[in-house]
Protein chains: 2
Amino acid sequence: MNIGTAARQSGLPPKTIRYYEDIGLLTADRAANGYRDYSNEDVHRLRFVQRSRSLGFSVEECRQLLSLYTDRDRASADVKAIATEKLGEIDRKIAELTGLREMLGHLVENCHGDARPDCPIIDGLSGRSRDH
Amino acid sequence: MNIGTAARQSGLPPKTIRYYEDIGLLTADRAANGYRDYSNEDVHRLRFVQRSRSLGFSVEECRQLLSLYTDRDRASADVKAIATEKLGEIDRKIAELTGLREMLGHLVENCHGDARPDCPIIDGLSGRSRDH
DNA sequence: TATAGGGGTTCCAGCCACTGGAAGCTCAAG
DNA sequence: CTTGAGCTTCCAGTGGCTGGAACCCCTATA
């Protein structure tokens, strides 16, 4: 199957699939005309990467997961270790964003938002007020 | 004051300050020896950018905020509009991450994480199971 | 059979926001 | 006078694509 079909079935744009091949993440066979030729198993792997990426794994982590995916004998603990680490990162990211949200929300709440120039948001950003 | 001092007082690395000058965000005077020369007001602006960046504003947004910061006559509503938009983005980001966290958390919980090869995480990523 | 289109191919450049490193200059202390 | 820290510029790389140019291939239709 051509790259366009593989793209549609995996949910990844053709450009991205070529990029993944470029960096050696996933290679494909070539047909006689030079076109990339994807098997169903290739599409499985592409979709696997697509899902992993959309769950926040980096491309390098996808490379690891993919080798764990391919290795039928690896221990599930190996996979769990990566996923757990990622979970921690997501939690940290959420906490950080929640902190930001609170701080920025404060500033926005206190700004009357009219035609007058005085603005607690600008004051907050410039460090002139300590009202949080 | 030299760039190193300005860096220490603003919380931005010298490299970053030079980069900001490169892209025309913040310019500095030059001393006779060619060194960049920062005033206290320059440091205020640097710190303003530092805070804005750490609150999740992009460099382009910082450029806008900076001109609003400098313009003593602008309406606070202009600032509030940008900040409110940013607040929405942060909320969307938090919601997205929370969704991810839930999905990945599910997969991790269901994985026994021992020496056996069968692994719900891998299965989930490859789309072989529908147990969420 | 010519042609038009919608694939596919490669390669180069750009995005964002820095960051590292090389090569060379200036300055203050010992 | 030398040493070392700090400053200068410029070039290249990061991650993960994405856009675009220039070209090839395949199928359908006039």
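Keep in mind that what you see is a predicted model, and the values were worked out from it rather than measured. Hydrogens, waters and symmetry mates play no part in the numbers below; they use all other heavy atoms, side chains included. Each chain gets a letter, A, B and so on, in the order its sequence line appears, and its residues count up from 1.
Rounded to whole Å, atom C1' of D:dC7 lies 11 Å from atom OH of B:Y38. Put simply, CG on B:D37 is 12 Å from P on D:dC7, counting in whole angstrom units. Straight-line distance from the CZ atom of B:R8 to the C1' atom of D:dC7: 12 Å, rounded to whole Å. Rounded to whole Å, the distance from CD1 on B:I17 to P on C:dA17 is 17 Å. Between B:I3 atom CD1 and D:dG6 atom P the separation is 13 Å, expressed in whole Å. Atom CG in B:L25 sits about 11 Å away from atom C1' in C:dA17, given to the nearest Å. Atoms CG (A:N2) and C1' (D:dC26) sit 10 Å apart, rounded to a whole Å. As rounded to whole Å, 14 Å separates atom P of C:dC16 from atom CG of B:D22.
In this structure, the nucleotide among D:dC17, D:dT8, C:dG8 sitting nearest to the side chain of B:R18 is D:dT8. Considering only the side chain of B:T16, C:dC18 comes nearest among C:dC18, D:dT8, C:dG8. Taking every side-chain heavy atom of A:N33 into account, D:dC26 is the closest of D:dC26, C:dT19, D:dT8. Of the candidate nucleotides C:dT9, C:dA17, D:dC17, C:dA17 has the atom lying nearest to any side-chain atom of B:R53. With C:dC27, C:dC18, D:dG16 as the candidates, the nucleotide lying closest to the side chain of A:Y19 is D:dG16. For A:R30, whose side chain is taken as the heavy atoms from C-beta onward, the closest listed nucleotide among C:dT9, C:dA17, D:dC7 is C:dT9.
In this structure, B:P14 reaches neither bases nor backbone, as no heavy-atom distance under 4.0 Å exists between it and the strands shown.
Side-chain contact annotation: A:S39 with A:D42, donor-acceptor N/O pair under 3.5 Å present.
Place A:Y35 and B:Y35 on DNA chain D by their nearest nucleotides, and B:Y35 ends up nearer the 5' end.
For A:K15 against D:dG16, a side-chain-to-base donor-acceptor contact under 3.5 Å is absent.
The cluster map of Ile, Leu, Val, Met, Phe, Trp and Tyr, joined by side-chain heavy atoms under 4.5 Å apart, puts B:Y19 and B:Y35 in different clusters.
Panel note: side chain B:R74, backbone A:P117; a donor-acceptor pair is recorded below 3.5 Å.
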Dump the intermediate steps for salt bridge (Lys or Arg N to Asp or Glu O under 4.0 Å) on A:E89 and A:K86, then the final yes or no. CA-CA 5 Å; A:E89 279 173 40; A:K86 195 35 91 179; 2.8 Å; yes
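For the atom pair CD1 (B:I121) and NZ (A:K80), the distance works out to 7.0 Å, reported to the nearest 0.5 Å.
The phosphate of D:dC17 (OP1 or OP2) has a side-chain N or O of A:Y20 nearer than 4.0 angstrom. For D:dC7, the OP1/OP2 oxygens have no side-chain nitrogen or oxygen of B:R36 closer than 4.0 Å.
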